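Remember, it's a predicted structure, so these values are computed and weren't measured experimentally. Lettering follows sequence order; numbering is per chain, from 1.
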Number of protein chains: 2
Amino acid sequence: MNKALHSNQAHFISLLARLSRLINHEGHAVGLKPAQWDALRYLAQANKFSRSPSALTAYLGATKGTISQTLMSLEKKGLVEKTQDPNDKRSVGLDLTTAGKALAKEDALRPFANVIEVLPVEDQKDIEEALEKLLRAKLRSEGNRPFGICKSCRHFRKNTPSGEPHYCSLLNEPLSELGSEKICLEQEAA
Amino acid sequence: MNKALHSNQAHFISLLARLSRLINHEGHAVGLKPAQWDALRYLAQANKFSRSPSALTAYLGATKGTISQTLMSLEKKGLVEKTQDPNDKRSVGLDLTTAGKALAKEDALRPFANVIEVLPVEDQKDIEEALEKLLRAKLRSEGNRPFGICKSCRHFRKNTPSGEPHYCSLLNEPLSELGSEKICLEQEAA
DNA sequence: TAAAAATGTATCGAGTCGATACTATTATCG
DNA sequence: CGATAATAGTATCGACTCGATACATTTTTA
């Protein structure tokens, strides 16, 4: 039943598709491709535990093979460095180089974000909340990890006497003030 | 000045990018690629004057070459038919075949749209309005045509005695009731 | 300890996409 | 009127995406 699109849905789909296209199009700037920007952006925001090919794969919802290729091209451009994990010889750690960090700051999507800033502040808030709601609803419907910020995780322990100010009770690792602001693969709402 | 991203902007960009990625990902369903779905969707909604490669090029913001290829593959799949314009031998008209129309009804983005429907009706409205605002702001900032619906155009003349119920004063063409609901390249707000 | 699971890489084929060059046809304007 | 410019499309190149499949190495688990 209800096989046909009712008109509200058609309009909504149009909006989604056009918006996505505009965003994607913007991502072709400055010598990188949209998927490469996605990876760069993630690596700039993710904490140490989450900077691996497999975490990136989960975050971007792609396949391992695709991510492997994207990372290879970023490495060839001198934006990303790989390091072997000494504990697990299968695993690879990812870090942005200085050039990579610099480029991440000049995000290709900034022109798009700038468009918002000329709108009334109230609209800005509305739009941001709406996007957030939509994103979370979709992630939830697919059973995906939210990839939230460390600080807001149920495994986050504040002000521990472990050398570093905070602590992760899942990975049993100390956390710096800065690290606790980053995106984590393991994040679960508190 | 303000070369660095302030944190609100970074969060906003993250949202945009992730959302776009999810939408794009959804578009890989059922044997078509996202760009092919974009073309199919447009052709299903555009009026006769706007079903040409060049109009599609403007709508999707791509280059002529890319669109030409996308259309070739849709033609090869039996979803689109081309017809020579008798008045202008350079121009090509595009029509969905029966199969094309059927496929357009099963839009790849429906699962995404369905996610909305479980949200409170109020949220649905908020999200739709927010998306619309964002889209229009971006189109405006790039000086793009809005590609709105015929009926809401300043060239739309209602209830004319021209055989068909309505009329376009720009193209000097009669319009059917159904045609006046479609997307038009030439649309300008009334 | 053998089988299963996890982490990555390699490769294929279809497609995207910007760029450039090219062919026809139609408009413009001197 | 006729040269030149603008329009509408196609053809081709190179880098990249992306799903799929196959494969090689480690861990894990049973």
Could you state the [atom1]-[atom2] distance from [X] to [N], rounded to the nearest angstrom?
X: A:Lys64; N: C:dA6; atom1: NZ; atom2: P; value: 10 Å
X: A:Trp37; N: D:dA15; atom1: CH2; atom2: C1'; value: 17 Å
X: A:Leu74; N: C:dG8; atom1: CG; atom2: C1'; value: 16 Å
X: B:Asn24; N: D:dG19; atom1: CG; atom2: P; value: 9 Å
X: A:Ile67; N: C:dA10; atom1: CD1; atom2: C1'; value: 16 Å
X: B:Leu22; N: D:dC18; atom1: CG; atom2: P; value: 12 Å
X: B:Leu40; N: C:dT16; atom1: CG; atom2: P; value: 12 Å
X: A:Leu71; N: C:dA10; atom1: CG; atom2: P; value: 12 Å

By the 4.0 Å heavy-atom rule, please label [X] as base, sugar-phosphate, or nothing.
X: B:Thr57; value: nothing
X: B:Lys76; value: nothing
X: B:Gln69; value: base

task: Determine whether the side chains of A:Thr57 and A:Ser54 contain a donor N or O and an acceptor N or O closer than 3.5 Å.
output: no

message: Could you tell me if B:Gln9 and A:Asp107 have a donor-acceptor pair between their side chains, going purely by distance under 3.5 Å?
response: no

Of the candidate nucleotides [options], which contains the atom at the shortest distance from the side chain of [X]?
X: B:Ser54; options: D:dA8, D:dT17, C:dG15; value: D:dA8
X: A:Ala35; options: D:dG19, D:dT17, C:dT7; value: D:dT17
X: B:Lys33; options: C:dT16, C:dT9, D:dT10; value: C:dT16
X: A:Thr70; options: D:dG9, C:dG18, D:dT17; value: D:dT17

query: Does B:Lys82 NZ have over 12 foreign heavy atoms under 6.0 Å away?
result: yes

- request: Please say whether more than 12 non-hydrogen atoms of neighbouring residues, nucleotides or ligands are located less than 6.0 Å from CD in B:Gln84.
  value: yes

field: Same cluster (ILVMFWY, side-chain, under 4.5 Å), A:Val115 and B:Leu131
entry: no

- request: Identify whether B:Ile127 and B:Leu19 are in the same connected component of the hydrophobic contact network (ILVMFWY, side-chain heavy atoms under 4.5 Å).
  value: yes

Please check the phosphate of [N] (OP1 and OP2 only) for any side-chain N or O of [X] closer than 4.0 Å.
X: A:Lys77; N: D:dC16; answer: yes
X: B:Ser52; N: D:dA8; answer: no
X: B:His25; N: D:dT17; answer: no
X: A:Thr66; N: D:dC18; answer: no
X: A:Arg21; N: C:dC17; answer: yes

query: What is the minimum heavy-atom distance between A:Ala44 and A:Ala104, and which atoms define it?
result: CB-CB, 3.9 Å

- prompt: Can any side-chain N or O of B:Thr97 pair as donor or acceptor with the backbone N or O of B:Gly78 at less than 3.5 Å?
  reply: yes

- request: Tell me which residues in residues 81-99 of chain B put a heavy atom below 4.0 Å from DNA chain C, sorted by number, or none.
  value: B:Asn87, B:Asp88, B:Lys89, B:Arg90

message: Does this structure show an ion pair linking B:Lys138 with A:Glu26, if we count only N-O contacts that are shorter than 4.0 Å?
response: yes

message: Tell me whether B:Glu129 is salt-bridged to B:Lys125, with the criterion being a basic N under 4.0 Å from an acidic carboxylate O.
response: no

- request: Compute the bend angle of the helix from C:dT1-D:dA30 to C:dG30-D:dC1 from the end axes (five pairs per end), rounded to 10°.
  value: 20°

